[in-house]
Number of protein chains: 2
Amino acid sequence: MDKKLMNISISMLLLRLLEEQDRYGYELIKELEARSENVFSLKEGTLYPILHTLELEGAVEGYEKAAETGRTRKYYHITKKGLKLLAEKKKEWDTYQKAVNHVIGGMEYEYSTEYGTAAWGF
Amino acid sequence: MDKKLMNISISMLLLRLLEEQDRYGYELIKELEARSENVFSLKEGTLYPILHTLELEGAVEGYEKAAETGRTRKYYHITKKGLKLLAEKKKEWDTYQKAVNHVIGGMEYEYSTEYGTAAWGF
DNA sequence: TGACATACCTATGTAAACTAGGTATACTTA
DNA sequence: TAAGTATACCTAGTTTACATAGGTATGTCA
C-alpha cells in the first residue's frame with residue numbers, strides 16, 4: 001500500500017496506456033486527456049520526470065524512433081516488471097475506491113469482463 | 001478541482017462522518033478504520049491538524065463536552081459551509097473516479113438511492 | 001502498579017505533483 | 001516568407017498533503 005492515503009499515482013494511468021501499445025510522452029498526455037475527457041491534463045513538467053523514474057525502476061524502456069515526419073520521438077515500452085506494477089496499482093486503486101465509497105456511501109458497482117463497457121458511453 | 005491529481009482529501013471522509021453526527025477526534029479515527037475495514041487508519045498526527053484547519057476554514061465547529069467517564073472530549077460539529085464543502089468534494093471524487101475507471105477500463109457502476117447497499121456486503 | 005487504551009497536541013520530514021521556465025522542430029496561414 | 005501555433009522533449013525549484021516521531025495526560029484492567 002502507498003503511504004499516501006488515497007493518492008493514486010499517475011504512473012498507474014500511464015502504465016495502463018502503455019499496456020496497450022508503445023507510446024511517446026506527448027502522445028500519453030493527449031491520450032490521457034481524451035480518455036478522461038480532460039479531467040487529467042498533465043503538464044510536460046509532470047509527465048517527463050515520471051517517465052524517467054519509471055524507466056529507472058525498470059517498469060518501462062525508452063527507445064528513439066523516427067516519426068513519419070522524420071522527427072525523432074522517444075517511445076516507451078512497458079516491461080514485465082511494469083505490468084506487475086500496474087496490476088498492483090490497479091488492486092490498490094480498487095481497494096481505495098471501495099473503501100472511500102463505503103465511507104461516503106451510496107455507490108454500487110460491479111466489474112465488467114471487457115474494457116470499455118456501455119456504461120461508459122462508448 | 002484540486003490541484004493535486006487524484007488526491008482526494010481525508011477531509012471529505014471526515015466531513016462525511018460528521019454529517020451523520022457530532023464526533024470527537026479519536027472517535028473519527030476509530031470509525032474510519034471500522035468503515036473502511038482498516039484501509040484508512042489515520043494517525044493522530046494526521047487527524048488533529050486537519051480538524052484544526054477545517055475549523056479555521058469554518059467547515060466545522062469544535063466544542064468541549066464531558067464524556068460519561070467525566071473526561072473531557074473535543075467534539076466537532078459540521079457547519080453549513082462544511083456541508084457545502086462536502087458536497088463539492090463528493091462531486092470531485094465522483095469525477096475522478098469515473099475518469100480513472102474510464103482510463104483503466106473495465107468497471108461499470110451505478111448509483112443506488114440509499115446509503116449502504118447490498119453490493120457493499122452490509 | 002504497570003501496561004494499555006483513550007484522548008489530545010506540535011514540529012519536522014517526505015515525496016508526489018505542480019509551476020515556470022527552457023530548447024527545438026514541424027505545420028499552418030496570413 | 002514570416003509569424004504563430006502545435007508538437008516534442010527537458011530541468012530546477014516550489015508547494016502541500018500526509019506521515020513520522022515525538023510529547024502530555026486521563027481512565028481502565030490485570
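Computed from a predicted structure; not experimentally measured. Residue numbering restarts at 1 for every chain, and letters A, B, ... go by the order of the sequence lines.
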Given atom [atom1] of [X] and atom [atom2] of [N], what is their separation to the nearest angstrom?
X: A/L28; N: D/dA8; atom1: CG; atom2: P; answer: 12 Å
X: A/L51; N: C/dA16; atom1: CG; atom2: P; answer: 15 Å
X: A/Y48; N: C/dT19; atom1: OH; atom2: C1'; answer: 17 Å
X: A/I29; N: C/dC18; atom1: CD1; atom2: C1'; answer: 13 Å
X: B/K89; N: D/dA17; atom1: NZ; atom2: C1'; answer: 11 Å
X: A/E44; N: D/dC9; atom1: CD; atom2: P; answer: 9 Å
X: A/M12; N: C/dA16; atom1: CE; atom2: C1'; answer: 15 Å
X: A/L13; N: C/dA16; atom1: CG; atom2: C1'; answer: 14 Å

Respond yes when some side-chain nitrogen or oxygen of A/T46 is under 4.0 Å from OP1 or OP2 of C/dC18, and no when none is. yes

Are OP1 or OP2 of D/dA8 and a side-chain N or O of A/Y24 less than 4.0 angstrom apart? yes

For the side chain of A/Y26, starting at C-beta, report the closest nucleotide among C/dT6, D/dA6, D/dT11. D/dA6

Looking at OG of B/S36 and CD of B/E31, how far apart are the two atoms once the value is rounded to the nearest 0.5 Å? 10.0 Å

With sequence neighbours excluded, tell me which residues meet side-chain contact (heavy atoms from CB on, under 4.5 Å) with B/K84. B/E88

Among residues at least two apart in sequence or on other chains, which ones pass side-chain contact (heavy atoms from CB on, under 4.5 Å) with B/E68? B/R73

Tell me every residue that passes ring-ring contact (aromatic ring centres under 6.0 Å, His included) with A/Y26, counting only those two or more places apart in sequence or in another chain. none

Sorted by chain and number, sequence neighbours left out, ring-ring contact (aromatic ring centres under 6.0 Å, His included) with B/Y48 holds for none

Give me the residues of residues 52-76 of chain B where at least one heavy atom lies under 4.0 Å from an atom of DNA chain C, by number, or none. B/H52, B/R71, B/R73, B/K74

May I ask you to say whether A/K98 pairs ionically with A/D94, meaning some side-chain N is under 4.0 Å from a carboxylate O? yes

According to side chain to side chain donor-acceptor pair (under 3.5 Å), does anything in residues 56-66 of chain B pair up with another residue at least two apart or in another chain? List the pairs. B/D22-B/Y63

Using a 4.0 Å heavy-atom cut-off, does B/G25 contact any base of the nucleic acid, only the sugar-phosphate backbone, or nothing at all? sugar-phosphate

